[in-house]
Amino acid sequence: GENAALAEIKESFRWINRTLSELHYFFDLGDDVLMERYGQVEEDTLVIGKMSYRTVVIPHMPLLRSSSFALLKTFAANGGKIVLTGSAPY
């Protein structure tokens with residue numbers, strides 16, 4: 001069977017997807033690999049490739065690459081908004 005930690009992570013993703021969809025918000029899903037390869041901060045905006053974001057929603061996740069954490073830390077320090085829906089990995 002599935003362990004409790006994995007079930008909690010999956011439910012957090014489901015809740016975010018369901019809630020944002022019901023509210024008719026446009027959103028993208030990202031991951032550490034995309035952030036590490038293509039991510040940068042421009043003022044209060046997180047830019048990943050050709051897309052840009054002023055708010056990032058982070059589901060419950062026990063781990064986050066240090067490169068992603070550093071990028072998000074810079075983003076927040078510059079005025080970007082981060083919404084955590086569970087425990088912060090750091």
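Note that the coordinates shown come from a computational prediction; the quantities given were computed from them, not determined experimentally. Because only heavy atoms are used, hydrogens play no part in the values below, and waters and symmetry mates are left out as well, while side chains stay in.
- Note on Ile82 and Phe69: same hydrophobic cluster, where clusters join Ile, Leu, Val, Met, Phe, Trp and Tyr whose side-chain heavy atoms are under 4.5 Å apart, directly or indirectly.
- For Leu71, the side chain to side chain contact (heavy atoms under 4.5 Å, CB included) partners at least two apart in sequence or on another chain are Met35, Val41, Leu46.
- In the hydrophobic clustering of ILVMFWY residues, with side-chain heavy atoms under 4.5 Å counting as a link, Leu64 and Phe75 come out together.
- In this structure, Ile48 and Gly39 approach most closely via the heavy-atom pair CG1-CA, 4.1 Å.
- Here the closest heavy-atom approach between residue Ala5 and residue Asn3 is recorded as N-OD1, 3.1 Å.
- Comment: Glu11 engages Arg18 in a salt bridge, judged by a side-chain N to carboxylate O separation of less than 4.0 angstrom.
- With sequence neighbours left out, Asn78 forms a side-chain hydrogen bond (donor to acceptor under 3.5 Å, both in side chains) with no residue at all.
- The structure places CG of Leu20 at 7.5 Å from CH2 of Trp15, a figure rounded to the nearest 0.5 Å.
- Across every non-hydrogen atom of Asp44 and Gly79, the tightest pair is CB-C, 3.9 Å.
- Annotation: side-chain hydrogen bond (donor to acceptor under 3.5 Å, both in side chains) contacts of Lys81 (sequence neighbours excluded): none.
- In this view, Val47 and Gln40, Glu42, Thr45, Ser52 satisfy the side chain to side chain contact (heavy atoms under 4.5 Å, CB included) rule, not counting sequence neighbours.
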Side-chain atoms of residues 25-34: list all donor-acceptor pairs with protein atoms under 3.5 Å, sequence neighbours left out, distances to 0.1 Å.
residue, atom, partner, partner atom, Å
Asp28, OD2, Tyr53, OH, 2.6
Asp31, OD1, Val33, N, 3.0
Asp31, OD1, Leu34, N, 2.8
Asp32, OD1, Ser68, OG, 2.7
Asp32, OD2, Arg65, N, 3.3

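- No continuous path of ILVMFWY side-chain contacts below 4.5 Å connects Leu63 to Leu6, so the two sit in separate hydrophobic clusters.
- With sequence neighbours excluded, the residues forming a side-chain hydrogen bond (donor to acceptor under 3.5 Å, both in side chains) with Thr85 are Ser12, listed by chain and number.
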